[in-house]
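Throughout, a chain's letter reflects where its sequence line sits, starting with A, and its residues are numbered from 1.
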Amino acid sequence: MSDILIQVVNLSKRFHILLRKKTSLEVLKTLAQKEPLKAEYWVLRGLTFEVFQGDRIALIGKNGSGKTTLLRILSGIYACTSGTLDIRHKPSTLFRSMAGVFPDLSVIDNVYLLGSIYGINRSYLDRRLDAVLSYSELENLKFCPMKDLSSGQRQRLVLAIFFESQNNFLIFDESLSAVDLGFSMKFEERLKSDSFSGRTIIMTSHDHEFLRRHCRTAIWLEEGKIRMQGEVNEVLDQYEQSLKIG
Amino acid sequence: MISVLFRKLKVKRTILFSRYHWDVLRELIRVNFKLMEDNLILGSLWSLIGPIGMLAVLYFIFRSRFGVDINAYPLYLLTGIVLINFFVTVTTSLLRVFFSNRELALNSAVPREILVLANFSMSMYKFLIEFLFCGVISVFYGFLNWQAVLWAIPLLLAYSGLLLGTGFILSALFCFARDIEHLWALASRLFFFATPIFYSLNDLSLWGKALVYYLNPLTPFLVSFRGILMGNMSFFSYFHSLAIGGIFFIVGYSAFVLLENAIVEKI
């Protein structure tokens, strides 16, 4: 059996949500009526699972089911409220919102900055710069400010840089939402390539066929709990079935 | 709480000393420099134009009232202006640091301290230009010597400690109550008058002098920096400043470490 990379036992995450508008008047009214201003909201409840070295896991569930929160906890951004999380290797995470992109700076400047955020140093990127620009099809736009690129072009660049990461544990959160079919195919080729074999990958996507092609197992989250986990086709079939019934 | 703090600091130590995070800091500083210089014709010269303008106005107004008894009054004024400007600029920008870098703080594993340091570095760069200018004027008056330059380095570090400590506390508080921004704008204006920028401590009553010196953490720093630049160093103020810088940094950073999880959920 492969080595355990992540062990999650009974993990829960709680946020506090406002029950009223947060204006001074509303706060005073709430205090006068001795009513609570906030309530607990458990985004994740009692999750237990393991991730092994080399696993490819699809994280599925409806919007608001807790996928991104779980990925943020695994990436060390949020702390869990209760339970234990044992991570043996820190992942590189790519969230859909393109954190770290500076719109006023050129494509090249953003390549170096994003590279550093994904753990790739400048000297390595210097050697790989042409390959990154060529992969993202932005060779002729390298001095353009990022704000002049379309959202798809920006996402292509971010993915091209992220692919240069040498980290053996990668997390993708809705990373293909804005790119065209052509780039999506290139992305899939890259995932199948030798450079990605053996790496541990956790990904979320609403493209189930993509997940079926690239993941071996899946975790289905529903209202913050694990509804089902197991072989990817089995879990996705059940999930799709539940959507039809719903 | 102390044991929680020490446990968190132990984790922080391993995170902050990894080379990866220093690469991010270097790139963020580089990016901030490019953004700062973008489309500026005068570039870094703007760091000097503001204090010189302020110096001209204050000198014109207070020269005959306070400046008569103070040796090298323009240098005296300029040191005060530069120091208080640095304090106000840093603390005001650190107040919002997690909100202005929300995407990075929420969607990457970059330690939030790196965001604070990157933001601080920009203001530090401008301050060093201004401080160098003060040094040039000090040479012009014949005050500055190499010993004084060596004394200035620990003092600069301590002043950074004061600013970073205050910045950590303010940035944390701002996540819980936005009123802090308005309160701090008011406090910053008060600091300008409660710090001996254009007047001397000797112009105050005994009580006033004690209040301004002991309750305003900027005053010992200002007295020490002036001592270095004007050749009348007070060792009491110097070591007092070093202690203040260290204490503010430790308290501010500890508060930040303890509140960090709550801060991230609030931004």
Spacing of CG belonging to A/Asp104 relative to NZ belonging to B/Lys34, to within rounding of 0.5 Å: 13.5 Å
Toward chain A, the part of B/Val110 with a non-hydrogen atom under 4.5 Å: side chain
B/Lys126 NZ: over 12 foreign heavy atoms closer than 6.0 Å: no
Structural part of A/Phe102 lying under 4.5 Å from a heavy atom of chain B: side chain
Within residues 125-133 of chain A, residues adjacent to chain B where the heavy-atom gap is under 4.5 Å: none
For A/Ser75, all residues meeting side-chain hydrogen bond (donor to acceptor under 3.5 Å, both in side chains), sequence neighbours excluded: A/Thr93
Separation of A/Ile117 CD1 from B/Ile114 CD1 (nearest 0.5 Å): 11.0 Å
B/Phe193 atom CZ, neighbour heavy-atom count above 12 within 6.0 Å: no
Nearest-0.5 Å distance, CG of residue B/Asn107 to CD1 of residue A/Ile77: 6.0 Å
Atom CD of A/Glu50 with >12 non-hydrogen neighbours under 6.0 angstrom: yes
Side chain, backbone, both or neither of B/Asp23 within contact of chain A (heavy atoms, under 4.5 Å): both
Within-4.5 Å side-chain heavy-atom neighbours: A/Asn121 and B/Glu27: no
Contact class of B/Leu25 relative to chain A, heavy atoms under 4.5 angstrom: neither
Salt-bridge criterion met for B/Glu265 and A/Arg72 (N-O under 4.0 Å): no
B/Arg102, part contacting chain A, at a heavy-atom distance under 4.5 Å: neither
